[in-house]
Protein chains: 2
Amino acid sequence: MKKFTLKDIATHFKVSVSTASKAINDSHEISEDLKAKIQQYAKDNHYRPNRIALSLLRKNTKTIGVVVPNILNYFFVQVFYGIEKNANARGYNIISCTSDESYLKELKTVELLSAGTVDGLIISLSEETQSKAIYDHLKNYSNGQIPMVMIDRVTDEVDCDKVIVDDFEAGYKTTNYLFETGCKNVAVVSTIFDSSVGKLRIQGYQKALEEKGIAYDKNLNVKVGKKDDLEILMTLLLNYKPVDAIIALDEMTAVDVLNICKQKKVKVPEEVSIVGFTNGRLSKYVSPSLSMVSQHGKFIGETAANMIIDRIEKTDAETLPYTTKVVKTSLIVRESSRKTP
Amino acid sequence: MKKFTLKDIATHFKVSVSTASKAINDSHEISEDLKAKIQQYAKDNHYRPNRIALSLLRKNTKTIGVVVPNILNYFFVQVFYGIEKNANARGYNIISCTSDESYLKELKTVELLSAGTVDGLIISLSEETQSKAIYDHLKNYSNGQIPMVMIDRVTDEVDCDKVIVDDFEAGYKTTNYLFETGCKNVAVVSTIFDSSVGKLRIQGYQKALEEKGIAYDKNLNVKVGKKDDLEILMTLLLNYKPVDAIIALDEMTAVDVLNICKQKKVKVPEEVSIVGFTNGRLSKYVSPSLSMVSQHGKFIGETAANMIIDRIEKTDAETLPYTTKVVKTSLIVRESSRKTP
DNA sequence: ATGAAAGCGCTAACAA
DNA sequence: TTGTTAGCGCTTTCAT
């Protein structure tokens, strides 16, 4: 598995390495004759300049790192897709890592990537990082070394470019939509109550309640932990009050809630409207199909890729002010929510 | 965005770079006193040895490249997850790329990765590559340079380690299962008729037909191209013959077939049994839930990661014979297929 | 205990 | 037209 290098070419033609280099790069300094021979030889031997050496020389890697909490979540897959698309188009590669919602894994990943491996980093915080609120690994990162863009799950404690979803507004609008279609008792079911995103959606929900003059009832804000049984929690919820609308803060939960309702013979949407977050593959296909809030993951990825590359390629990068782009959500109304009061 | 290097440390303490290096690496050659000071200073400044420089020196990158045709396909997401898991556990990172089912993009990606960026490559062929049957970019790759493992969509024309699904057997067993449960006219709907995987499943299907003494009817082998309308093809199929079982070769198609049946008031599974390939998120949640063939994507990923790392780390790598691991599928029976004749 | 020098593969001044 | 040298950041002999 010996690599084929410039030196091999140089030795073969008994020329210097720099001559070989110039010939490969089609420099006008080299005679046409020699160039042709060297280029042919290089081609025959599948010579590729070593990117590691080039990276060291040019002090860039043409690679951007992406850290997402969970690759099995369709939202992040879409984000990833968007990043890859734009980054590739601009000549960058992606090195992708998962934090698995773990602070430690996130920390290690960030340290690894920060060691010259990538020219910039796109990261969405793990749930554990957000719940522990430890951001040192990212502060140091952005302070000293290379550009960073945070997406979706972000924190104010780190200064950098950000692309976020307008989760507050999404929570607010979704709740209002349910009110407008005649729902009275709107509950929320969340598995991401510890993340910034989950909290903002709840705040939007609370604002809508407030405007409507309805007191916030924490029993209607169902927090589903890793070990909790959603079915039990749902039973408690439905027995607690005549809930007629449920907002599920992620797609899987929306589907689960729907299935539990069906199983309990609760009619959707006649008795209970359901609206979920993240417009992925599932929601369209279940029946009744689910009304969903789309966060436009692909667009977020594209935007983040452009922001990071812009910053990487700006020579006066440090002087650019950090910006935060807010992506609006769209409510996709399907069968699981009532249309009229 | 100036990087903090050994030189900075050396200058700060007015020592040589090599002394600084040794101190950082806790060499016994350096006085405890100086070591302590240097290590503290390094820590304070978040010094991380430049991985690019180390890669150049050690001639390895501790990174493996992964090229899959389509990241929005749940099977590949699972594979990816498995690769990431095992690779990380063994100290490797993943650089991931999508070929988008395009030969050209695959070619470019492979060339890029082969240029010293990664220590090994895991690849699943794009559909276009398989239909055009051009494998030069991979032959050269495996000949000369770094280890490669092909997964799922592979070709005999390239000598390397492989992890494949027993698609022939899967097609065979699935068809037989349908026969055993009383189905007579088993059709297949495929969007991947050009890929090795799709062809093998069809061959398995044909073998089952043959054993049963049933002539292969190509009208029952529905090929759905990118521009074809599945609904029209399904209508033709159902009008053509009293089909009582349909095998869909990917998950999305299985769901689509199910929905079209429901829409046409064809009862599933009473009138038509449906079995799909790839046990992803969708199949469990639609109703009736879909019986699926699981290819154990995560396991395939884990296996591939181990194979490539084994080969990378073997010093006598070239002498190791190439092996092909075959992963058996499992049929997960749900509601969409009949249980008794 | 510390430093100088070489070298990983490559390019880009600068010489010849 | 071709070659020499230096250097990207680091480690590792081999001096000192």
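Everything numeric here is computed off the predicted structure, so don't read it as measured data. A note on names: the letters A, B, ... follow the listed sequences, proteins ahead of strands, and every chain is numbered from 1.
- Of the candidates Thr98(A), Asp100(A), Thr129(A), Asp100(A) is the only one forming a side-chain hydrogen bond (donor to acceptor under 3.5 Å, both in side chains) with Lys105(A).
- Following rounding to the nearest Å, Asn60(A) (CG) and dC10(C) (P) show an atom-to-atom distance of 16 Å.
- Scored by the side chain to side chain contact (heavy atoms under 4.5 Å, CB included) test, Leu56(B) finds Ile52(A), Ala53(A), Leu56(A) as partners (sequence neighbours excluded).
- Residue contacts for Thr19(B): at a heavy-atom cut-off of 4.0 Å it reaches a base atom on one of the strands shown.
- The side chain to side chain donor-acceptor pair (under 3.5 Å) test applied to Gln130(A) returns Ser196(A), not counting sequence neighbours.
- Under the 3.5 Å distance criterion, with hydrogens and angles disregarded, no donor-acceptor pair is assigned to the side chains of Asn70(A) and Glu127(A).
- Pairs of Watson-Crick or G-U wobble type, with distances under 3.5 Å, assemble into runs of 3 or more in DNA chain D at these ranges: C:1-16 with D:1-16.
- With sequence neighbours excluded, no residue satisfies side chain to side chain contact (heavy atoms under 4.5 Å, CB included) with Lys108(B).
- On the nucleic acid side, DNA chain D has its first and last nucleotide under 4.0 Å of a heavy atom of chain A at dT1(D) to dG9(D), going 5' to 3'.
- Under the side chain to side chain contact (heavy atoms under 4.5 Å, CB included) criterion, Thr323(A) pairs with Asp161(A), Met307(A), not counting sequence neighbours.
- Aromatic ring orientation, Tyr41(A) versus Phe13(A): perpendicular (interplanar angle above 60°, classes split at 30° and 60°).
- Under the side chain to side chain donor-acceptor pair (under 3.5 Å) criterion, Ser96(B) pairs with Ser96(A), not counting sequence neighbours.
- Taking 4.5 Å as the limit, some side-chain heavy atom of Leu34(B) sits within range of a side-chain heavy atom of Val15(B).
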Please tabulate, one pair per line, each protein N/O and nucleotide N/O from nucleotides 5-8 of chain C that are separated by under 3.5 Å, including the distance.
| unit_1 | atom_1 | unit_2 | atom_2 | d |
| --- | --- | --- | --- | --- |
| dC8(C) | O3' | Lys59(B) | NZ | 3.3 |

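- Atom CG of Asp156(B) sits in a sparse spot, with 12 or fewer heavy atoms from other residues, nucleotides or ligands closer than 6.0 Å.
- The ring-ring contact (aromatic ring centres under 6.0 Å, His included) pairs that include a residue from residues 94-114 of chain B are Tyr103(B)-His137(B), where partners are two or more places apart or lie in different chains.
- For the segment residues 20-37 of chain B, the set of residues with a heavy atom within less than 4.0 Å of an atom of DNA chain D comprises Ser21(B), Lys22(B), Asn25(B), in numerical order.
- Looking at heavy-atom distances under 4.0 Å, Tyr47(A) makes contact with sugar-phosphate atoms alone, never a base.
- Listed by first then second residue, pairs satisfying salt bridge (charged side-chain N to carboxylate O under 4.0 Å, His left out) with a partner in residues 59-69 of chain A read Lys62(A)-Glu313(A), not counting sequence neighbours.
- Applying the side chain to side chain contact (heavy atoms under 4.5 Å, CB included) criterion to Asp8(B), with sequence neighbours excluded, gives Lys2(B), Phe4(B), Thr5(B).
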